[in-house]
Structures are given as structure tokens and as C-alpha cells.
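Every heavy atom of this structure was used, including side-chain atoms; hydrogens, water molecules and symmetry mates were not. In this chain, numbering begins with 1 at the start of the sequence shown.
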Amino acid sequence: MTHLDRLAQERRARLAAERMLELKQAELFAANRQLDRHAKRLSEQIVETRAEVVSVRNENARFKSDLTVANQKIALVERRLWHTIETIQDGFAFFDEQDVMIMANQAYLSVFDGLEEVQPGVRYSRMLQLLTEEGIIDPGHLSPRAWRAFMLSRWHSEAPDPVVLRLWNDEYIRVIDRRGPGGEVVSLVLNITASVANEQRLRDAQERAEAANRAKSAFLANMSHEIRTPMNGVVGMAELLGDTALSEDQRLYVETIRSSGEALLVIINDVLDFSKIEADKVHLHPEPFDLERAIQEVARLMQPSAQAKGLALTTDYDPYLARRYVGDPGRIRQVLTNLIGNAVKFTAKGHVLVRVSGRANDSGQMALDIRVEDTGIGIPADKQEMIFGEFSQVELDSNRSFEGTGLGLTISRRLIALMGGEIWISSEPGTGSCFGIRLALPPADHEPETAEPARGLRGISRALVVDDQSASRAQSVQALELLGLTVQAAATGSTALEMAAPGTDLLLIEGFPGGDDPAGLAAAMRQAMPGLATLWAVADLAEAQADAAACGFDGVVQAPVTRHALLDALSHLSERAAPPPQGAPASAEPQQPKPLDVLLAEDNATNQLVFRKMVDGLGLTLRIATNGEEAVAEVARLRPDLVFMDVSMPRMDGKQAARLIRAAETGARLPIVAVTAHAMREDRDGILAAGMDDYLTKPIRKAEIKRILGERFPDRYAEVAEAAARTNTGRFGEESSGRKP
Ligand code: ADP
């Protein structure tokens, strides 16, 4: 290799080296630049990070201070809450869902009387155990185990009922537990000792008040009894005195004594009834009864007072309306007596009309509408509600002269309300009043007819009514027409004799028309028309039964006349008409009937005398026993036909005597009629339960005794009374009976 070649080779090598160097330098340069950029980015990142760190640090510091504040707040609230919970006097505790106590205030823990075991951490079941084992609670009638079981099952129910516990020291607590959705329980314990004591005091007070009320009722019942016994003497003797020969003045005095006595009895009954209603002691005694008859009976009782004032008292019972219903007839009569009595009392002229209608309602009952209309003084609109309040009367010049307690309407309204009905009023001063009763009663299932029409009416198609009172005459005509008869009517006997058409089968004479003697009129008519049946309509049926027969009437019917009363009378009439064969030899001597043998058991000498005098002339043999023991002995010895038995007697009372008589009885049942001064319904039930058949309340009245005798011995008593009447002077029975308004 030449030098040149070597030079050239070296040069090339140097050039290549230089190029390489340049290349490397360029690469280095580029790397340097990249490094530069990287370093720059890094330093930027460091700056950013540093700023971030600063801000995070700041934030952290802020958080820390917030947390402290929050913690402080929580602590404060907790302190306050606990303070509050500790301050309230009721026990408060909190249990977790495992029934473990989380916390409880002192009031709660104090129930456990310092037992250290009872504190947060204790289980509910353990607490129950401690309560029984340590005798802290009184489990009452439960055993401790049963009590714990009861409390635990209650605790585990979803919504436990509050429970009242009695503690060992006679304090009472009410425990109220609420279970939350997570199963935890908040328990509240309230000390209710004071309110329990209060309740007890109230109960005691109520019991005392009820006892006082019972004592009041007993006192009133007793008073009524005590007053009735002497009143029996007063009213009875006045009645007897009225039957003796008296001057005009004396008769007036006697009648005043009698009517004042009766009025006093009405007042006693009102006060008694009112106090019973007040004490919720009035109970209804529903039974099937005849509404039309009940109304007729009340109207009949009022008839004498109405007639004395010249008022027409009539009834209008819808002929198509059923008569028998289930209700309390005694109470319904009482209300009607009050309404009709008021109507008569507050009416000076015109009429009093009782109307009854009704329609079936949806529940199968009859909605009855009973109205008592009068043409009296009326009641101003602003007083119409007031009169139903107790002791309230309309104080007007026009009615200051009327007596009364002001209790009647109060009692009536309450009684009707008790039956589910209502009383209403519409009235115009000077024109009249209408008191109405709206009352729904179930019809009695069975409607017995008093008589079979065909039987009663056999052969009778034309009737003649003689009555001088136009209202009652019209009612009788209507009743007869409803039975399908052709009817004529006359106001006096002489007109009747003139107008009687041939073919008249029935003559109905009411009272004493125009002062005529009814017996003479009947006899004259019968002479003119042989075969004529004669009926006498009288206000008091029981009274007149014997008299009617003695006067030659074929039958009597109760006034005011209704178609049912007529059916009754006509059926008896056809029974009697099945006659002894014509021309049968009349017995030469009328046989002397055996007198009825009556025993009266009564300890009070005045009442014995009253009774003895009242039955004087009735043709009875009367014996007297002065107590129950004697009565039992006399019944065994004498076998009387009938016993009147006073209920309250020394040694043995009437009920006991009746029981003994019944126990010893072998043959026919002896009628025993209680005589009692107890006028209350409940007494009646006791009397009947003792085996007596009927009862009379004191003061007893002659008419009542006659009624009983007539009912019990319809044939014998009529004969006996007739025989007695023949030997007596035989005045027609003109005594009135019953309550007068
Ligand atoms: P009493 O009749 O015993 O005073 P009531 O309670 O029966 O008591 O009646 C209260 C009052 O209502 C009567 O005093 C009378 O002022 C008035 N009153 C009741 N019924 C009538 C009537 N039919 N007409 C006018 N006023 C009446």
C-alpha cells in the first residue's frame, strides 16, 4: 500500500470519524433538548404538586376543625337530651333488637329499687325475673311464672298493649313499649298512682251515690206503702160514709175527702214513677194485649169526669186496624190516662176524641198513630216544649186553677221513648190541642176473636139505639153498622117507642137516656115487640152485671160501645138465649143460693173494718184472719171459696202464707187475691210468683172487690148478689171507680 493510499485511507477514516462525531453530536444535542424539555415538565409538575399539597393541607385543617365543632355539638345535644330524660319524672329506657338495655334514666331504674344488676347491658327477660323474684311487682291473680310469660309475649308482639302494674309499695305504673322497625324498643314507665286513687275515689263516690239512690227508691216505695195503708182507711171509709144517709153538705164533705184522697194517691204514684224513671229502674213488660180494649178502658175511666163537664169523650179506632200487639199494656194505659186526663182537664166545652190509625212498616211492625184531640184552652207555641219538662205547667191566667204535679207528660214522654216511640204536640191557644203518640209495635201473632160473629149475630139484623148523648150514640150506631146490622137511633125512650120498626131484634139502651128508667123502657119495648133482645150499655161493666140481670136485660155491654164489645155481649146473649124450654114449670120456691165463703187475712183493724163494710150486703160469709199463720190454718179448717190476702202482715206475711196454702193444696185451686199497698209492677211479679192469682192495691174499692167476685164466680156471685139485692134496698151501683184526672 502506497503512502498515498494510506493517506487517503486515513483521510477517509478521519472523515468517517468526523461524520460519526457529527452524528453523535447531533444525537447528543437532540437528547439534551429532550432532557431539557423533560426537566422543564418535571419542574412544572413539582410546582403543581406542591400547590396541591398546600391546598390539601389547608382543607385538612378545615375539616379537622369542622369535626371538632360537630363533635362538640353532638356532645351538647346528647348532654341536653340526657338532662331532659333525667329531668322527666317518667321512666325511659331503650333496648336493642336483642332485648338488651342500651340506656335508661334514673326514674326507670328506680322502679328496681337500687338493684345494681339492672343497668345498661341487662336483658329484658332478666329484668322480669328480678321484678318477680325480688317481689317488686304484684302479679295479681297470676303466678310469677305466668306473669313473666305474659309480659314476655306482650314484649315480643309487634305493638305491645300498655299494661298497668302494681308495685310492692302500692304504687301503680303504666308501662308503654314501642317497637321500632329495626326491632329496638323504647320503653316508657308512667307513675299513675294518683289517677288510680282518683278513679277509686270516683268509683267509691259512684257506689255511694248509687246506694243513696237505691235508698231513695226504697224510701219512696216504702213511703208509698206507708201512705197507702192509712189512705185505705180514709178513702175506704169516705166511700162507705157516702153510702149512708147524709145531708147535702155532709155528702159534699165526704166526697171531698174521698176525691182528695184519690188525688193524693195519683200524686204519690207520679212521684214514685218519676223517681224510678230517673233511676233507670223502669222496665217494660211486653206481652200480647188488645190496644183497642186498652184505649176503651182508659176512656171508660175518664168518662164520668168528661160527662160531669158535659164533654163528649169518644174514640175512633180504625176498624181495619188489627187490635192485638206486643207491648207493655200497663205503661201504654198509663200514658193514655195522662193524655186523655189532661185533655178532659183542660177542656171546658166541646169534645175529646182519641183516634187510632196505623200502617205496617218495613220491619214487619205496625207504626201506630194515636192522637188525643181536644177543644180546650190550648198551649202557646213557646210553652209546648216546656211542658214535657219535670214539674212544669203552663202558668197562664187561663189555667192557674188546674191542679197537677206537672210530671205526667215528663213520665209519658220517657215511657214512650223507652218503647222506642215519641210523643208530639200541636196546639193553638183557645182552639185546642192534639197530643200524638208515634209508636211501632209488633202485631201479636195470634188474633183471638172475642166471639165468632156468626154465632153472636145469629138471627139479629135490625137494631135500635137509645142514647141522649149524640157522640156516644153515633159511636154505637157505627159499631153496630160495622157488624152489618141495620140501625135506627133515638135520643129518648118515647121517640124510640114511636119509631121502633117491626122486625127490630135488638134494643141497645145507653145509660139512663133523658133520665128514663132503662129497665122500664126495655120492658115496654119488649112488650111492644116480643122476642126483642135487650142490651144495656153502661160505663162500669163489673158494677152493673148483676143489676142488669136484675132489671131484666139480656146482656150488658161496656160503654163506649165498640164492635168488639158488642160481639162479646152478643155471644153471651145467644148462649143465654139457648133457653130453658118454654112453659117449663117454674120452681115454686127460688132456691136460696149458698153464700160465697170469703176469708180475709189482714192485720190492720181499720182495714178489716173497711173491708167488712164494703162487702156488707153482697151476700158473702166473711171470716177474718189477722196474720199469715192464721190464714193458713183457717184455709185448712174452713175451705173458703176465696181468700183476700194482705201481703204485709206480722208473724207470717201473705206471700209465705200463699206458698204454704199452695203446697198443701190437693183439690181444686183456691183463688187467692193479694191485697197490697205496694203499687209497683215488680211487686206484682213477686206476688204472682208466690202462688197468688190476682191482686188489689190499697186503697181497695168496693167496685174492685165486686169485679174480682164477678170474674171468679160469674154465676154464683150474680145469684148471690141478686139474692142480696132482693133483701137490700138495692140502689143501682152508681159508685165510680178508678183514677180521675
Ligand atoms: P199536670 O197535668 O199534672 O200539671 P202534665 O205534665 O200532664 O202535668 O202537664 C203539664 C202541663 O201541660 C199542664 O199543667 C198544662 O199546663 C199543660 N197541658 C197538658 N195537656 C194539656 C192540654 N190537653 N191542654 C192544655 N194544656 C195542657
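Nearest heavy atom pair, residue Ala631 against residue Leu599, reads O-CD2, 3.9 Å. Across all non-hydrogen atoms, the minimal contact from Leu508 to Val561 is CD2-CG2, 4.4 Å. Between Phe713 and Asp641, the closest heavy-atom pair is CZ-O, 3.3 Å. For the pair Gly327 and Leu441, the tightest heavy-atom approach, listed with the atom from each and the gap, is CA-CD2, 4.3 Å. Listed here is the closest heavy atom pair of Thr315 and Gln296: OG1-NE2, 2.9 Å. Considering all non-hydrogen atoms of both residues, Ile687 and Asp694 come closest at CG2-O, 4.5 Å.
Looking only at side-chain heavy atoms (C-beta outward), Leu600 and Arg612 stay at 4.5 Å or farther from each other. Under the 4.5 Å side-chain criterion, counting only non-hydrogen atoms from C-beta, Arg712 is in contact with Asp693. Using a 4.5 Å heavy-atom threshold, the side chains of Leu642 and Leu596 count as separate. In this structure, Ile708 and Phe644 have side chains that are in contact, with non-hydrogen atoms separated by less than 4.5 Å. Put simply, the side chain of Val282 reaches to within 4.5 Å of the side chain of Arg331, judged on heavy atoms. Between Arg623 and Asp597 there is a side-chain heavy-atom pair separated by less than 4.5 Å. Inter-residue side-chain proximity for Leu670 and Val635 is flagged as met; some heavy-atom pair is nearer than 4.5 Å. A heavy-atom distance below 4.5 Å is found between the side chains of Leu291 and Tyr317.
Residue Val298 is tested with Arg293, Arg333, Gln334 for a side-chain contact (heavy atoms from CB on, under 4.5 Å); the sole match is Arg333. Put simply, the residue from Thr676, Val647, Asp646, Val235 that forms a side-chain contact (heavy atoms from CB on, under 4.5 Å) with Lys698 is Asp646.
Ion pairing between a basic and an acidic side chain is recognised when a charged N comes within 4.0 Å of a carboxylate O; Asp243 and Lys613 show no such pairing.
With hydrogens and angles disregarded, no donor-acceptor distance shorter than 3.5 Å links the side chain of Glu239 to the backbone of Arg701. Formation of a donor-acceptor pair under 3.5 Å by the Glu255 side chain with backbone atoms of Gly242 is not found in this model. Using a distance-only test at 3.5 Å, with no hydrogens or angles considered, no donor-acceptor pair links the side chain of Asp653 to the main chain of Ser648. Judged purely by atom type and a 3.5 angstrom limit, Lys309 uses its side chain to pair as donor or acceptor with the backbone of Lys345.
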Please walk me through it: do Met649 and Asn604 pass side chain to side chain contact (heavy atoms under 4.5 Å, CB included)?
-> CA-CA 9 Å; Met649 284 185 289; Asn604 182 298; over 6 Å; no

Is there a side chain to side chain contact (heavy atoms under 4.5 Å, CB included) between Leu660 and Met652 once you walk through the steps?
-> CA-CA 11 Å; Leu660 290 179; Met652 181 189 288; 3.4 Å; yes

Does the pair Gln608 and Thr626 meet the rule for a side chain to side chain contact (heavy atoms under 4.5 Å, CB included), with working shown?
-> CA-CA 9 Å; Gln608 286 173 6; Thr626 56; 3.5 Å; yes

Evaluate the side chain to side chain contact (heavy atoms under 4.5 Å, CB included) criterion for residues Leu246 and Tyr253: first the C-alpha distance (whole Å), next the side-chain angles of each, then the deciding distance (0.1 Å), finally the verdict.
-> CA-CA 10 Å; Leu246 296 174; Tyr253 304 155; over 6 Å; no

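The CG atom of Leu521 sits 10.5 Å away from the CZ atom of Arg526 when rounded to the nearest 0.5 Å. Rounding to the nearest 0.5 angstrom, the gap separating the CG atom in Asp616 from the NZ atom in Lys702 is 8.0 Å. For the atom pair CD1 (Ile295) and CZ (Arg323), the distance works out to 11.5 Å, reported to the nearest 0.5 Å. Taken to the nearest 0.5 Å, the CE atom of Met692 stands 8.5 Å off from the CD1 atom of Ile661. Expressed to the nearest 0.5 Å, how far CZ of Arg414 lies from CG of Leu407 amounts to 10.0 Å. Atom CG of Leu418 is separated from atom CG of Asp328 by 9.0 Å, given to the nearest 0.5 angstrom.
Partners of Ser247 by side chain to side chain donor-acceptor pair (under 3.5 Å), not counting sequence neighbours, listed by chain and number: Gln250. Residues that satisfy the side chain to side chain donor-acceptor pair (under 3.5 Å) test with Arg251, not counting sequence neighbours, are absent from this structure. Residues that satisfy the salt bridge (Lys or Arg N to Asp or Glu O under 4.0 Å) test with Arg659, not counting sequence neighbours, are absent from this structure.
Remark: the Asp554 side chain and the Thr534 side chain contain an N/O donor-acceptor pair separated by less than 3.5 Å. Of the N and O atoms on the side chains of Gln303 and Arg300, not one donor lies less than 3.5 Å from an acceptor on the other residue.
More than 12 heavy atoms of other residues, nucleotides or ligands shown are found within 6.0 angstrom of CZ on Arg662.
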